[in-house]
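The next block holds one structure in the form of structure tokens; read it before the comments.
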Amino acid sequence: MILNAFFLAFKQIRKNYLRAFLTMLGVIIGVGSVVVMLALGNGVTQKVTSQISSLGSNLLIVFPARNLENDGKSKKRNFTMQEVDSIRSRLSGVRAVAPFSSTSVITQYFSQNTQTQANGITQDYFEVTAWELSMGRAFRDSEYTTGASVCVLGESVKKALFGNENPLGAQIKVAKNMCEVLGVLQSKGQGAMGNDQDDAIFMPFKTFQRNVSGKNTLFNVNRILISLNDGVDSTNATEELKKILRDIRHIKGGQRDNFDIMDTKEIEKMVASSTAILTLFLGAIAGVSLIVGGIGIMNIMLVSVTERTREIGTRLAIGALESEVLLQFLIESVVVSSLGGIIGIFLAFFITLGATSLMNIPFIFHIDVAVFAFLFSAFIGVVFGYLPARRASRLNPIDALRYE
């Protein structure tokens, strides 16, 4: 009986294929919109979290904050190397501590020049950020110690100055001083804040201080990267670090901190949670069109019942049960809705594939989301097809046979 009902449902769809397609259209748009929104949302979430993770795993970033001085002016006080050493020796669970300073500079190689970010770093920087080189080598300990005039380029700087030329061994001008290119870092792409992480030059901290920043001061560190060991709770480490910094920077009780601490793991969780909520919200909005599609199915099925009144009356007159008529129209509604769901899923797959390519985000297409969308479209068919099916099964055979 059920197999025969499916056969009759497909026969009716083939008989009125244009009307059937227009009936499916609402479901196609609804299912497609939901699947596309969820897939793009997951792609954006993964891209943002991977950009934050590219800074380093289980990482704390310390930077100076504006605070009121005795003269009433708001100032930032950078960190000293002595403070960095205190953090390294007193903070538990530390894997590596990497102080660095940066400033915007003009770099030049013959006629090519570009504005970029120059960074003075210590031995731990590349370990903390897990940044590998694509060519050349990193700095030797002796080059850090003596402040040798050497540098490592980010991929964007390498392309701007050298194009496809090999930069290793070349002398480039950074600010007003020359330095030898020792290596090129692997590309990291866009950062979490939308910045180009590859648009940077790195040099030993002493070299940077002497040749680029030119500031003869103890407060010469404007960022501290702290990598924690695996399994260390970053929240507890942050609280411990606050106490250490308040102590070594002589901040009294009641005074505001003159530093800020950014926990990349907490930011990653917060961003993932926010984007997940936004994705579900957009998916719910798109799901409204599924309800509209269901109403369209109900309207068309009611029209179909009216058109086929004599057919229904004939079936009832020759012994068909009300439950059989109910099942037939219910299955027709479910078939129309389910076909719309399948078409919507296939369209969503290709739309997502194109959109992720244009937006430069990961292509994430979860099968379970597609299955859920299909089952929900079938459910829509049941819900909105029941009223027309019930109306058809309740027709009086005699009145139905007389219907013109």
Side-chain angles (χ1 to χ4, degrees), residues 1-42 279-309 311-312 315 324-356 363 365-393 395:
M1 182 179 70
I2 294 178
L3 186 63
N4 186 54
F6 273 103
F7 174 76
L8 291 174
F10 281 108
K11 183 178 179 181
Q12 285 296 322
I13 291 171
R14 189 171 65 251
K15 181 179 178 181
N16 299 287
Y17 63 89
L18 181 58
R19 186 170 71 180
F21 175 75
L22 293 175
T23 306
M24 295 176 195
L25 201 55
V27 178
I28 293 172
I29 294 172
V31 169
S33 300
V34 170
V35 174
V36 168
M37 287 295 181
L38 293 177
L40 293 181
N42 290 331
T279 298
L280 289 175
F281 178 69
L282 293 174
I285 293 174
V288 172
S289 56
L290 265 176
I291 307 299
V292 175
I295 294 172
I297 290 175
M298 182 172 65
N299 289 336
I300 295 300
M301 291 303 296
L302 286 171
V303 171
S304 179
V305 169
T306 303
E307 290 178 344
R308 296 159 63 188
T309 300
E311 173 196 329
I312 297 167
R315 291 191 62 189
E324 293 175 339
V325 175
L326 176 70
L327 183 63
Q328 178 190 337
F329 278 87
L330 201 56
I331 286 177
E332 286 184 21
S333 175
V334 171
V335 167
V336 170
S337 183
S338 299
L339 285 176
I342 292 171
I343 296 171
I345 290 169
F346 274 99
L347 286 176
F349 178 86
F350 292 107
I351 290 172
T352 304
L353 191 62
T356 51
F363 174 69
F365 194 88
H366 292 298
I367 298 298
D368 53 347
V369 173
V371 171
F372 174 78
F374 169 74
L375 293 176
F376 191 74
S377 67
F379 176 72
I380 287 290
V382 173
V383 171
F384 289 93
Y386 179 75
L387 181 61
R390 184 172 179 273
R391 180 176 177 179
S393 66
L395 285 176

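Quick note: numbers below take in every heavy atom, side chains included, and nothing from hydrogens, waters or symmetry partners.
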Would you tabulate the side-chain donor-acceptor contacts of residues 365-385 under 3.5 Å, counting partners in other chains and residues two or more places apart, or write 'none'?
residue	atom	partner	partner atom	Å
S377	OG	F374	O	2.5

Check: residues 346-355 side-chain donor-acceptor pairs under 3.5 Å, at least two apart:
residue	atom	partner	partner atom	Å
T352	OG1	A348	O	2.6

Worksheet item: Only one of I29, I28, V35, V34 clears side chain to side chain contact (heavy atoms under 4.5 Å, CB included) with V31; which?
Response: V35
